[in-house]
Amino acid sequence: MSTDNLSLTLSALAHPARRSILARLSTGDMTVAELGEPFDMTGPAVTKHLNVLERAGLIERLRDAQRRPCRLRPGPLKDVFDLVQPYREFWDESFDRLDELLAEQEAENDN
């Protein structure tokens, strides 16, 4: 089954635990045990989430003597940003138009 990179990234981001893991890795490298601390899940469950993130290219696992830290690889997140950016512009423009309309109505009510 061939899946494009953006689909893999979006699929990996679909789970709140994986999004939380990425947020934690944005502060620096961490081991599996460190990443699993805030969750009520087993080590193997954390590892399964890390496998999904690794397949999507969002993390890499390093070898540092006895430690096996994970590191964030933010590159695929840029593809997500590029996908949603036009929608952000749409919403920004929509809110700007709404602000203008509300200001006009407020001005009319003041008269």
Side-chain angles (χ1 to χ4, degrees):
M1 177 173 82
S2 174
T3 304
D4 65 285
N5 292 337
L6 181 58
S7 294
L8 285 172
T9 301
L10 292 171
S11 179
L13 294 173
H15 196 283
R18 292 192 287 266
R19 292 190 303 270
S20 180
I21 288 169
L22 290 177
R24 297 192 71 221
L25 285 173
S26 71
T27 65
D29 299 352
M30 293 186 188
T31 64
V32 174
E34 291 168 332
L35 289 168
E37 284 174 3
F39 303 107
D40 185 24
M41 64 175 80
T42 64
V46 173
T47 298
K48 284 183 181 183
H49 285 298
L50 293 175
N51 289 339
V52 171
L53 292 169
E54 189 173 31
R55 272 193 307 276
L58 291 163
I59 68 165
E60 64 180 324
R61 297 186 201 199
L62 308 169
R63 291 182 185 229
D64 180 18
Q66 300 276 331
R67 292 182 74 231
R68 299 288 188 257
C70 297
R71 174 174 292 157
L72 177 66
R73 294 185 66 220
L77 295 174
K78 183 183 180 318
D79 295 335
V80 175
F81 175 81
D82 291 343
L83 172 72
V84 299
Q85 183 60 26
Y87 299 103
R88 179 181 175 158
E89 292 169 6
F90 167 80
W91 283 110
D92 286 345
E93 291 171 7
S94 296
F95 286 127
D96 289 344
R97 287 191 308 272
L98 179 59
D99 286 342
E100 291 171 11
L101 178 63
L102 292 174
E104 288 173 13
Q105 288 179 349
E106 187 175 315
E108 288 175 9
N109 290 339
D110 288 343
N111 290 335

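By convention here, the first residue in the shown sequence is residue 1.
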Hey, is the main chain of Leu35 close enough, under 3.5 Å, to the side chain of Arg24 for a donor-acceptor pair? yes
Could you check whether any side-chain N or O of Ser94 sits under 3.5 Å from a backbone N or O of Phe90, counting only pairs where one atom can act as donor and the other as acceptor? yes
Heavy-atom nearest pair, Ala17 first then Phe39, reads O-CZ, 3.7 Å
How close do Ala56 and Pro76 get, heavy atom to heavy atom, and via which atoms? O-CG, 3.7 Å
Interatomic spacing from [atom1] in [X] to [atom2] in [Y] - rounded to 0.5 Å:
| X | Y | atom1 | atom2 | value |
| --- | --- | --- | --- | --- |
| Arg18 | Ile59 | CZ | CD1 | 11.0 Å |
| Thr31 | Arg67 | OG1 | CZ | 6.0 Å |
| Leu58 | Asn5 | CG | CG | 10.0 Å |
| Arg19 | His49 | CZ | NE2 | 11.0 Å |
| Asp96 | Glu93 | CG | CD | 7.5 Å |
| Cys70 | Leu50 | SG | CG | 4.5 Å |

Joint cluster assignment, [X] & [Y], ILVMFWY side-chain distance < 4.5 Å:
| X | Y | value |
| --- | --- | --- |
| Leu8 | Leu22 | no |
| Met30 | Val52 | no |
| Leu53 | Met41 | yes |
| Leu6 | Leu72 | yes |

Show the atom names and distances, to 0.1 Å, of all donor-acceptor pairs under 3.5 Å that link a side chain in residues 77-87 to residues at least two apart or in another chain.
residue: Lys78; atom: NZ; partner: Asp82; partner atom: OD1; Å: 3.2
residue: Lys78; atom: NZ; partner: Asp82; partner atom: OD2; Å: 2.9
residue: Gln85; atom: NE2; partner: Glu89; partner atom: OE2; Å: 3.4

Got a sec: does the CG of Asp40 have more than 12 other heavy atoms crowding it under 6.0 Å? no
Heavy-atom side-chain proximity of Asp29 to Glu34 below 4.5 angstrom: no
Would you say Arg63 and Arg68 make side-chain contact, with heavy atoms under 4.5 Å? yes
I'd like to know whether Asn51 forms a side-chain contact (heavy atoms from CB on, under 4.5 Å) with Arg61, so could you lay out the CA-CA distance, the side-chain angles of the two residues, the decisive distance to 0.1 Å, and finally the verdict. CA-CA 10 Å; Asn51 289 339; Arg61 297 186 201 199; 2.6 Å; yes
